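The structure appears right after this line, and notes come after that.
Basis for what follows: all heavy atoms, side chains included, without hydrogens, waters or symmetry-related copies. This structure is a prediction, so every number in the text was calculated from the model and none was measured. Protein chains get the first letters and strands the later ones, always in sequence-line order, with residue 1 at the start of each.
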There are 2 protein chains.
Amino acid sequence: MSLNLQEKILQAASELFYSQGIRATGVDAIVKAANTTKMSLYKYFSSKDDLVIAFLRKRDEDFRVWFVDQVNGKADTPKAKLLAIFDVIGEWMAVPEFRGCAFINAAAEFPLEGNPVHQVSAEFYDHFRSFIADLAEQYGSKSPKNLALQLSLLVEGAIVSEQMKRHSGSAEQAKQAAIILIEGSLGDIPDTTLLTDNSGEEQ
Amino acid sequence: MSLNLQEKILQAASELFYSQGIRATGVDAIVKAANTTKMSLYKYFSSKDDLVIAFLRKRDEDFRVWFVDQVNGKADTPKAKLLAIFDVIGEWMAVPEFRGCAFINAAAEFPLEGNPVHQVSAEFYDHFRSFIADLAEQYGSKSPKNLALQLSLLVEGAIVSEQMKRHSGSAEQAKQAAIILIEGSLGDIPDTTLLTDNSGEEQ
DNA sequence: TTGTCACTATACCGGTCGGTATACTGCAAT
DNA sequence: ATTGCAGTATACCGACCGGTATAGTGACAA
């Protein structure tokens, strides 16, 4: 409730950036949506780029807090939490406002790796993978980092797939795949790196 | 060689659209890159949107032909071809011009599902999944469509991941995951749908 | 009551956007 | 020789872009 003006501008901008795209959203539209003026916007944000970065940083924080809460609220054991990840993103995808991952979209709109927008987006998935890797380690995976990367590929793939075509069952299939990968990662199966043709570059 | 003017314009536009993004590329830049004038561009393409659609349609055809060729050139058996998919995308990702998947990027730039750009992009992955599903069926997968969707999630995830942060080993890990999923999909393991909590909606 | 401060209102800036109008050039076919 | 056509050159259109300048509002504090 009762946001101050700066927060109100950021929120209006965030909704527009996410729902329509960053480049497609002009500052005039943001100002109108926030019921304020350009002068106030530029008092709190030195440029549109600045506002975009603020949008991504806040989204990073908010989303991760929300996500971890959701996962922890759905499951107790590390293994169950790893699987709950896919239930949470499945529910997230089902909301009508879903328009894919804000960071993937931002990285697509600003493709150069050196671009600050691109970099902030990349950081999000670093954090995201760390979260999964911690769970994988608690679970007892033979190679937690590898499992975490594999699961994050499934998550990102499911998000992108669902963004392209809604209700195609991406989250469910991602979960099915995750079950197999998680169970195969315990110890009764040789380490996946032993199966590679070019071996020995893990860690 | 020796492209006519229309092809030259389309090629210049394609390179700019892919490397910088669609919205970030103005028609003036396209015209300059193609060494021609706006008048000629608008003789062959009724609008920028028209040009964007042409770009995506050609990319769809070209990429799929190239991709199928690459996969077939690397392997003979269906199983080996399914795995070769990940080698091909791994090599594709390694080229310095790599800037992710043009269709994922386009769908991110034009997020509304009804948008023609978005729709053409979605078609690509329908085709792509069909190609994988055919291989999966020849291979003898118990549920070829499910396996195809799972593998395509890994591919899309690897592409997006690599786009965000280069050289993070996405393709290799995607392949490791694919090996497990492919071998698990044969018949010595219960059908994945039996493991779902909400069962019975396959096909 | 006066000053300060957050915010509004509005007009404006140069630049770029997608797209068009008009006139011109050069070449090839009849 | 004339016509037609592909392509060029350039100036222009209204709209919008991100960003700024200037003046004015109302509330609150000393």
Heavy-atom count check: over 12 atoms from other residues, nucleotides or ligands less than 6.0 Å from B:Glu61 CD?
no

Presence of [X] side-chain N/O under 4.0 Å of [N] phosphate oxygens OP1/OP2:
X: B:Lys43; N: D:dA6; answer: yes
X: B:Thr36; N: D:dT8; answer: yes
X: A:Thr37; N: C:dC7; answer: no

Nearest to the side chain of [X], heavy atoms from C-beta on, is which of [options]?
X: A:Ser40; options: D:dA6, C:dT8, D:dG19; value: C:dT8
X: A:Tyr44; options: D:dG7, C:dG19, C:dA6; value: C:dA6
X: B:Met39; options: D:dT20, D:dA9, C:dT8; value: D:dA9

Rounded interatomic separation in angstrom, taking [atom1] from [X] and [atom2] from [N]:
X: B:Leu16; N: C:dG18; atom1: CG; atom2: P; answer: 12 Å
X: A:Leu41; N: C:dA9; atom1: CG; atom2: P; answer: 15 Å
X: A:Lys32; N: D:dG18; atom1: NZ; atom2: P; answer: 14 Å
X: A:Ile9; N: C:dC7; atom1: CD1; atom2: P; answer: 8 Å
X: B:Tyr42; N: D:dC13; atom1: OH; atom2: C1'; answer: 13 Å
X: B:Lys8; N: D:dA6; atom1: NZ; atom2: P; answer: 16 Å
X: A:Asp28; N: D:dG19; atom1: CG; atom2: P; answer: 11 Å
X: B:Ile22; N: C:dC17; atom1: CD1; atom2: C1'; answer: 16 Å

- So what does B:Asn35 touch, heavy atoms closer than 4.0 Å: a base, only the sugar-phosphate, or nothing? sugar-phosphate

How would you label the contact of A:Ser46 with the nucleic acid (heavy atoms, under 4.0 Å): base, sugar-phosphate, or nothing? nothing

Exercise for the section: Please confirm whether A:Phe103 and A:Phe63 have ring centers closer than 6.0 angstrom. Expected result: no

Once hydrogens and angles are ignored, does a donor-acceptor distance under 3.5 Å link the base of D:dG19 to the side chain of A:Lys38? yes

Side chain to side chain donor-acceptor pair (under 3.5 Å) for A:Asn105 and A:Gln163? Distances and angles first, verdict last. CA-CA 10 Å; A:Asn105 295 349; A:Gln163 179 181 12; 3.0 Å; yes

Could you tell me whether a side-chain N or O of B:Lys48 sits under 3.5 Å from a main-chain N or O of B:Ile22, the two making a donor and an acceptor? yes

So, the side chain of A:His118 versus the backbone of A:Ala106: is there a donor-acceptor pair under 3.5 Å, distance only? no

